[in-house]
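Position 1 is the first residue of the sequence, and the numbers go up from there. Just so you know, these numbers come straight off a predicted model, no measurement behind them.
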Amino acid sequence: MLSTQEADDDSGYVFVAKLDNARNVSTILKAIHFKDTATVFVTNQGLKVTVEDAKCVQANAFIQAAVFHHFVLTQDQVTFKVNLSVLIECLTIFGSGTGPTSTATSMKMCYAGYGRPLVVILEEDGVLTDCSLKTLEPDEVLDFDFCSTSVINKIIMKSECLKEVFSELDSSSDILQILMSPDAPFLEFSTFGNSGSTHSSFSKDSDMVEAFQCTQTQSNRYKMQLLRPSSKALALSARISIRTDARGFLSLQYMIRNDDGQVCFVEFFCAPDEEIEDAEY
């Protein structure tokens, strides 16, 4: 727990969150760390941290309020942009906390409102440190307009099988083709590299598949460079939900369990590679 030396008067802040193990937050943030800056949305439900690249891929980390042992927000919502690289560095300032004899780092996060810094206070073994991170005017994040009612196909799988598939993908391929269908081969991942094409498929009856809801056959291609950042989340996850809508937009939702057994989610949205599709016609 944070030292009693730290003042308990939080009245000057619009948002205060406390956590006994900072690694529960830093691990999730590392899973979406493929750009330096992130937009943070704080509501009574918790934190949503968004990272985007080229308006073609978006990653969202959802850290529920229940993950924290203290979570107070005095407004409906606060939004700010922050340097994600610096925030992760602050949260791991005492180390990763993964060693057998490591001590958990307590964390307190405070924000006083628009234009004010994000203050992160950490304590480990009685050593206290605080970091003040400059916040920036938040950019308008891309709305992928991806809602559950527009989902055409949805498959939930154990992550372990996809970890193996993605590790064996042809690194010389610029694109990944994903086929989802109510008929065989049901789910297929294909790459097209220097040595030819490779295909990995899963039956809807596979032990690795926990839910299979496909209403029509879809085959879409996505740039590998846009999908690669999601590999961090895949490595941490236990389950993955793969969804596509009528436009071919892809949603990859990863279920990640933290050190305390609580579940957080990381979701990636990726636009299909229209240039390749156009070239085929």
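Judged by a 6.0 Å distance limit and a 45° cone about the ring axis, Arg228 is not positioned over the six-membered ring of Phe166. A cation-pi arrangement is absent between Lys48 and Phe62, since the terminal nitrogen or guanidinium carbon is not both under 6.0 Å from the aromatic centre and inside a 45° cone about the axis.
Aromatic pair Phe41/Phe80: centroids not less than 6.0 angstrom apart. Not less than 6.0 angstrom separates the ring centroid of Tyr13 from the ring centroid of Tyr111.
Thr37 and Asn83 share no side-chain donor-acceptor pair at under 3.5 Å. Side-chain atoms of Asn60 and Thr50 include a donor-acceptor pair closer than 3.5 Å. Neither side chain, Asn21 nor Asp260, offers a donor N or O lying under 3.5 Å from an acceptor on the other. Thr79 and Gln77 share a donor-acceptor pair across their side chains, judged by distance under 3.5 Å alone. Between the side chains of Glu123 and Ser106, not a single donor N or O lies within less than 3.5 Å of an accepting N or O. Between the side chains of Ser173 and Thr191, no donor N or O sits under 3.5 Å from an acceptor N or O. No donor-acceptor contact under 3.5 angstrom links the side chains of Glu188 and Ser201, judged on distance only.
Sequence neighbours left out, the pairs with a member in residues 222-258 that pass ring-ring contact (aromatic ring centres under 6.0 Å, His included) are Phe144-Phe249.
Closest approach of Val209 and Met157 over heavy atoms only: CG2-CE, 4.2 Å.
Proximity of a side-chain donor or acceptor of Asp125 to a complementary backbone N or O of Val127 within less than 3.5 Å is not detected.
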